[in-house]
Structure formats: C-alpha cells, structure tokens
Amino acid sequence: MIRIGITGGIGSGKTYVSHLLQSLGVPVYDSDSRAKQLTVADAGIRQGLMALLGEQVYRHGKLNKDLLASYLFASRENADRVNAVIHPVVFRDFDRWCEQVGTELVGLESAILFESGFDRHTDYVCVVSAPLELRIQRTMERDGRDRAAVEARIQAQMDEREREERADYVIVNDGICPLLPQLEKMLQALKARKNA
C-alpha cells in the first residue's frame, strides 16, 4: 500500500483535490475532521485533555472548544501538550483505517501534515499550491472572514515555499492549470514506483 499525504495552506484547495482523488478511486482519510471526532469519542484523549485542563474541557459530553482554543493558542508549549495527547491516537486510527480500506493507494489529508509529524506516516507528500491572493479570496468567501483575519491565519501556517520544498509532488490549483491531468500523472508515477 502506498500512502500519500495531502497538504497545503489555507485556501489552497487541498480538500477539493482530496475529493478529486476519491473520484479517481483513491480513498482519503480526513485527519482534521477525524481528530475532531476522536477528541470527543476517544477515552484516552478525553482523559489526557482533562488532565491538562480539568473536567470543564468537556461540558455535557461535548468538547468546550473555547476553553481548548484559549489554552492551545496561549503558547507553543500548550499546543505541543495538546498535540501529544491527540496526534498519537489519530496516527493509530489512520493505521487501522488503512488496514480496513486495503487498496493499493490511500490518501491522508492534513492541514498540518509536516507540523504534526503525519508526513512520517506517509510514503509520499503531495502539496496543493495556489497563489497567495487567490488563497486569501477563497478563504474570505468560504469562511466569511475579513482579509486581516485570513492573512493572520496564513502567517501562522508553515511557509508555502518550505512546504513545496518538502513535497514529492506539487499540484497547482490556480484556477488555470487543470487539476485532473496533474493528479492522473501523479498517480501513474506512484503506481510505476510501486511496480518498479
């Protein structure tokens, strides 16, 4: 099985690319939404977060997102503590998912693929790239945020150039270059590597 990590900055279109890969027969694990589910459902995560933040981090069985966010963004050390509780559980969940899917290629979509260490759980990394101005416009339209808020989110993320330098494949999602031929070329190259 070949595991492809799919990442990109906010507004790059990584989720859209993941949907296209699924339409081409490649199952994709959405680590961000799965992490949200596991944060509520997994007993180990619940215990770990309560040890960090107290029982008030869960209210009536639901995650107190405001409390978690305020703790998480207060310092890099706090973020590392939270990630140390959540990420290992997500890694194990991804491994189980891969066993159940059983296809020759699978994708793993993650906004923080490199930052979380998820890249170490994949064989290749595909970065979805788009021009900065287009990313800003897409995110403003999608999230209803103002330009300053979107720019702040972009500044908080890994540098686009660094992300691309660490990638095995870069998919250009600029609204001009067709996506399907790029993805088909990447999949052909991956299958050729597997059969080599």
Side-chain angles (χ1 to χ4, degrees), residues 1-53 57-73 78-128 138-139 142-143 153 156-158 163 166-169 171 173 183 186-187 190:
M1 176 183 281
I2 293 177
R3 300 176 176 199
I4 314 157
I6 305 150
T7 194
I10 189 169
S12 63
K14 64 188 166 297
T15 299
Y16 182 64
V17 165
S18 293
H19 290 309
L20 287 176
L21 281 170
Q22 288 174 319
S23 75
L24 294 170
V26 179
V28 177
Y29 179 92
D30 181 349
S31 68
D32 299 338
S33 66
R34 193 68 185 122
K36 287 175 186 161
Q37 293 168 1
L38 288 167
T39 300
V40 175
D42 184 84
I45 291 178
R46 290 173 71 93
Q47 289 171 351
L49 291 181
M50 285 190 286
L52 285 175
L53 295 157
V57 73
Y58 290 96
R59 272 196 237 138
H60 311 294
K62 293 185 179 178
L63 181 67
N64 183 341
K65 293 178 186 174
D66 292 338
L67 176 63
L68 180 61
S70 65
Y71 178 81
L72 196 70
F73 296 116
N78 286 3
D80 289 344
R81 287 184 198 106
V82 170
N83 291 339
V85 169
I86 297 172
H87 290 165
V89 176
V90 180
F91 296 154
R92 288 192 299 274
D93 188 66
F94 174 60
D95 287 338
R96 278 193 300 272
W97 178 85
C98 287
E99 289 171 17
Q100 291 168 357
V101 171
T103 56
E104 68 173 335
L105 291 171
V106 295
L108 163 74
E109 181 189 337
S110 175
I112 55 169
L113 188 84
F114 294 116
E115 300 90 329
S116 66
F118 247 137
D119 60 310
R120 294 189 299 273
H121 294 259
T122 62
D123 301 303
Y124 301 99
V125 173
C126 165
V127 167
V128 182
R138 284 176 179 162
T139 307
R142 183 193 69 200
D143 297 348
R153 295 260 318 264
Q157 291 188 329
M158 178 181 277
R163 202 183 281 118
R166 293 176 69 177
D168 298 291
Y169 300 94
I171 300 297
N173 185 20
L183 293 173
M186 178 183 77
L187 294 178
L190 288 167

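Numbering starts at 1 and runs along the sequence shown. Every value quoted in this text rests on a predicted model; they were computed, and no experiment measured them.
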With distance as the sole test, does [X] use its side chain to make a donor-acceptor pair with the main-chain N or O of [Y] at under 3.5 Å?
{"X": "D42", "Y": "L38", "value": "no"}
{"X": "T7", "Y": "S110", "value": "yes"}
{"X": "N64", "Y": "R59", "value": "no"}
{"X": "R166", "Y": "F114", "value": "no"}
{"X": "E109", "Y": "G5", "value": "no"}
{"X": "R3", "Y": "L108", "value": "no"}
{"X": "N78", "Y": "L72", "value": "no"}

One pair to check against side chain to side chain contact (heavy atoms under 4.5 Å, CB included): L187 and L24. What are the steps and the verdict? CA-CA 9 Å; L187 294 178; L24 294 170; 4.0 Å; yes
Compare all side-chain heavy atoms of [X] with those of [Y] and state whether any distance is below 4.5 angstrom.
{"X": "V125", "Y": "Y169", "value": "no"}
{"X": "M1", "Y": "V106", "value": "yes"}
{"X": "E115", "Y": "M158", "value": "yes"}
{"X": "Y29", "Y": "V101", "value": "no"}
{"X": "Q22", "Y": "P27", "value": "no"}

Checking Y58 now: which residues fulfil ring pair (Phe, Tyr, Trp, His ring centres under 6.0 Å) with it, not counting sequence neighbours?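 Y58: no ring pair (Phe, Tyr, Trp, His ring centres under 6.0 Å) contacts found.
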Output the distance between atom [atom1] ([X]) and atom [atom2] ([Y]), rounded to the nearest 0.5 Å.
{"X": "T39", "Y": "K65", "atom1": "OG1", "atom2": "NZ", "value": "10.0 Å"}
{"X": "Q100", "Y": "R96", "atom1": "CD", "atom2": "CZ", "value": "8.0 Å"}
{"X": "L21", "Y": "L105", "atom1": "CG", "atom2": "CG", "value": "9.0 Å"}
{"X": "K14", "Y": "I171", "atom1": "NZ", "atom2": "CD1", "value": "14.5 Å"}

Decide side chain to side chain contact (heavy atoms under 4.5 Å, CB included) for F118 and T122; before the verdict, give the C-alpha distance in whole Å, the side-chain angles of both, and the deciding distance to 0.1 Å. CA-CA 7 Å; F118 247 137; T122 62; 5.8 Å; no
Show your working on side chain to side chain contact (heavy atoms under 4.5 Å, CB included) between I4 and D123 and close with a plain yes or no. CA-CA 6 Å; I4 314 157; D123 301 303; over 6 Å; no
Return the set of residues passing salt bridge (Lys or Arg N to Asp or Glu O under 4.0 Å) with R34 (not counting sequence neighbours), or none when no residue passes.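 Residues passing salt bridge (Lys or Arg N to Asp or Glu O under 4.0 Å) with R34: D93.
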Work out which heavy atom in [X] is nearest to a heavy atom in [Y]; give both atom names and the distance.
{"X": "G107", "Y": "I6", "result": "CA-CD1, 4.0 Å"}
{"X": "S116", "Y": "H87", "result": "CB-CE1, 3.4 Å"}
{"X": "V85", "Y": "G44", "result": "CG1-O, 4.5 Å"}
{"X": "V40", "Y": "G61", "result": "CG1-O, 3.6 Å"}
{"X": "H121", "Y": "F94", "result": "O-CE2, 3.7 Å"}
{"X": "V127", "Y": "R163", "result": "CG2-O, 3.5 Å"}

Pick out which of D143, I10, N173 makes a side chain to side chain contact (heavy atoms under 4.5 Å, CB included) with R138.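 Exactly one option meets the side chain to side chain contact (heavy atoms under 4.5 Å, CB included) with R138, and it is N173.
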Whether the D30 and S33 side chains hold a donor-acceptor pair (N or O, under 3.5 Å, no angle test) is what I'd like checked.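 Yes, side-chain donor-acceptor contact under 3.5 Å.
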Take L52 and Y71 through the side chain to side chain contact (heavy atoms under 4.5 Å, CB included) test and state the conclusion after the steps. CA-CA 9 Å; L52 285 175; Y71 178 81; 3.8 Å; yes
